[in-house]
Every structure is written in C-alpha cells, then in structure tokens.
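This report refers to the structure that appears directly beneath it.
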There are 2 protein chains.
Amino acid sequence: MQSKRNFSAKREAIYETLVSTDIHPSAEWVYEQLKPKMPGLSLGTVYRNLAVFKEMGLARSVGVINGQERFDAKMTQHPHFICQKCFRIIDIPKGYNVLDKNAYTMIERECDVEIELHSITFYGLCKKCC
Amino acid sequence: MQSKRNFSAKREAIYETLVSTDIHPSAEWVYEQLKPKMPGLSLGTVYRNLAVFKEMGLARSVGVINGQERFDAKMTQHPHFICQKCFRIIDIPKGYNVLDKNAYTMIERECDVEIELHSITFYGLCKKCC
DNA sequence: CAACAAATCAGTAACTATTACTATTTACTA
DNA sequence: TAGTAAATAGTAATAGTTACTGATTTGTTG
C-alpha cells in the first residue's frame, strides 16, 4: 500500500508524527518519538525532511526556543502562546487573532513592502505555571 | 565622567551601539562595530552583556535569523517586518499594530493563561527585493 | 589617596543544534 | 531484471553560544 502523498516510509512517519501532535516539536523530539518504532532512523533524516516540509509548504517554524527550532504542521494562520517558564507552546484558535483586516494593506503602503505572511506570539505564564 | 546608568565602559559602549541602530543586530555585528574602537573587547563580553540587558528589560530578542539571534533595544511594543530575501528587519511604527484592544483579556480568559507581552512579525519582500 | 571587595572582562575551551558529505540502500522505470 | 534517481545512515564538520579561569577594572570605605 502506498501513501497518498508518495512519501517514503520514513518521510511519511516524520510527517505523521509532526502533524498529529500539538506540542510544536523540535527535530530531536520527532526523532525520539520515532526511533523506538524505526530503529534505522537517523537524526539527519529528520532534519532534512523537516526542511523539505517547509519547502513544500507543509510545515513552518514557530521559532527557536532554548536553541532548538520548533515546528508546526498546522498551516492555518493562528497565533501561539509560549509559556516563559515551561516553554510550552499553545495554539490560539484562529478566531482570537484580531489583527485588523486592513493591517496588510496599510503596512504595505506605508512601509513599502510586500507582506506574505505574519506570525503573532504571546508570551507569559500558562495555567500550570501561574 | 560617569555614565548615567553606572555601566562599565564596555557595557555602556555595547548598549549605545545597540540602542542607536535600527538594524536589530546580532551579537557579532555589535562586536564588529566596536572592536576597531575598542581593541580589547571580547565577543563573549558582548554576548554576556546582551543577556544582561535582556535580564534588565533594556533589550529583547527579535528572533533568530539564519542561526543568529537578533536584538532590539527599542522597548516600546512594535511589530517587525522581516524580508525573506535580504533578511533585513524593519520596524513598523506602533500605530500600525492593530491588535484588538480586547485580545489580551479574551485570550487570557479562553486559553487560561497570563499574557505578559506579545510579538508580531510580518514576512515578505522589502522594496529593494521586490 | 590607599586598600580591599565585588564586578567585569579576555581568552580559550567546551557545548550543542544544525548542516554537509559519502557510501549505501531503497524506490521507481522501462 | 537492469539501470537510474531519490532517500538515507552514519559520521564529520560547522557555527552560534555558553562556560570557565585567571587577570583586570570598578566601586567603596576609611
């Protein structure tokens, strides 16, 4: 049986791991999840495939936390909340993103740029760390 | 003569370099600017003092670009624009930040978190790269 | 000003996330 | 099945950053 996306088995597993978690993992976390089930998996392969996903528009970077890049495969534009104590990254539902409708146009005109996308991140303490 | 902030000469020079540029520099850039005028300056000192400024609330991180952390000493909350081609970081005037007044309260209530600050970044192409 | 204590620093070594490289394996095609 | 391209493991290399140690500077107090 063949994947709908024609990914190799490992690429598919990496993508599935990424897309089915909401922790916005690092490359190493993905590797640690898969290594037991796939003993012949290399960390370099995880890095390379995460780069491939970014290139394909299937994943994006949420930022660098404690030196590690964190990834998200949920590609609808939504803000994040990062706890400054436990460094958990929480998705904020799209509806709560109240960036003005005209922001893109206004900034493009005033700042002389072409905006493709944006990222909104809130920082503070999550309920466990308050 | 003594600095208003009681900084050591090097700390003062690093802060002045950071606060008087709008390029949102990396540690290395700050070091390269100062090294000719201050031959006895160590890159480690720049890193350490940037960390001190963050701790003191005199600077913040704008993010990591091409593996390098970029800093900003303009502490009023304002969005940034990052050119995806030349990686220039441009300040967007505060007025254009149209995050809804109620966003903090709404997200805090719905997501059960305490928000301290936020960061808004737009990505695209600047006028030189369009 | 002198003497002491605390803070800061230079220089180097260590650390770690990430990337590059190469030989090997796997998948695809005809 | 043979041939070709893509993907991978394993390792080495890179680069940003941090840690450490002994020396220097700075601030303080008499």
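Below, read A as the first sequence line, B as the second, and so on, with proteins coming before strands; counting in each chain starts at 1.
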Starting from [atom2] on [N], measure out to [atom1] on [X] and report it in whole angstrom.
{"X": "Ile65(A)", "N": "dT16(C)", "atom1": "CD1", "atom2": "C1'", "answer": "17 Å"}
{"X": "Tyr31(B)", "N": "dC9(C)", "atom1": "OH", "atom2": "P", "answer": "14 Å"}
{"X": "Tyr47(A)", "N": "dA13(D)", "atom1": "OH", "atom2": "P", "answer": "19 Å"}
{"X": "Glu69(B)", "N": "dT18(C)", "atom1": "CD", "atom2": "P", "answer": "14 Å"}
{"X": "Asn6(A)", "N": "dA7(D)", "atom1": "CG", "atom2": "C1'", "answer": "14 Å"}
{"X": "Leu34(B)", "N": "dA10(C)", "atom1": "CG", "atom2": "C1'", "answer": "15 Å"}
{"X": "Leu50(B)", "N": "dC9(C)", "atom1": "CG", "atom2": "P", "answer": "12 Å"}
{"X": "Asn66(B)", "N": "dT18(C)", "atom1": "CG", "atom2": "P", "answer": "14 Å"}

If only side-chain N and O atoms of [X] are considered, is one of them under 4.0 Å from the OP1 or OP2 phosphate oxygen of [N]?
{"X": "Asn49(B)", "N": "dC9(C)", "answer": "yes"}
{"X": "Lys10(B)", "N": "dT25(D)", "answer": "no"}
{"X": "Ser8(A)", "N": "dA6(D)", "answer": "no"}

Is Arg48(B) touching bases, backbone alone, or none of the nucleic acid, heavy atoms closer than 4.0 Å?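 Counting heavy atoms under 4.0 Å across all strands, the contact made by Arg48(B) includes a base.
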Within the structure shown, what part of the strands sits under 4.0 Å from Gly67(B) by heavy-atom distance: base, sugar-phosphate, or nothing?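 The residue Gly67(B) makes sugar-phosphate contact but no base contact.
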Nearest-nucleotide wise, let me know which of Leu43(B) and Arg11(A) is further upstream toward the 5' end of DNA chain D.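 It is Arg11(A) whose nearest nucleotide is closer to the 5' end.
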Return whichever of Val64(B) or Gly40(A) has its heavy-atom-nearest nucleotide of DNA chain D closer to the 5' end.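 On the 5' side of the pair lies Gly40(A).
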Side chains of Thr45(B) and Arg48(B) only: does a donor on one sit below 3.5 Å from an acceptor on the other?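 Thr45(B) vs Arg48(B): donor-acceptor pair found between side chains.
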Any Pro93(B) side-chain heavy atom under 4.5 Å of Cys111(A) side chain: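 When only atoms from C-beta onward are counted, Cys111(A) and Pro93(B) do touch, with a gap below 4.5 Å.
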Non-hydrogen side-chain atoms of Leu117(A) and Gln84(B) separated by less than 4.5 Å: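 Side-chain contact under 4.5 Å: yes.
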Options [options], nucleotide nearest the side-chain atoms of [X]:
{"X": "Leu41(B)", "options": "dG16(D), dA10(C), dA9(D)", "result": "dA10(C)"}
{"X": "Gln68(A)", "options": "dA17(C), dT8(D), dG10(D)", "result": "dA17(C)"}
{"X": "Ala9(B)", "options": "dG16(D), dC9(C), dT26(D)", "result": "dT26(D)"}

Find out if a path of hydrophobic residues (ILVMFWY) with successive side-chain heavy-atom gaps under 4.5 Å connects Val19(A) to Leu41(A).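 Yes, because Val19(A) and Leu41(A) connect within a single hydrophobic cluster, where side-chain heavy atoms sit under 4.5 Å apart.
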Between Lys54(A) and Glu69(A), does any NZ, NE, NH1 or NH2 come within less than 4.0 Å of an OD or OE carboxylate oxygen?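 Answer for the salt bridge query: yes.
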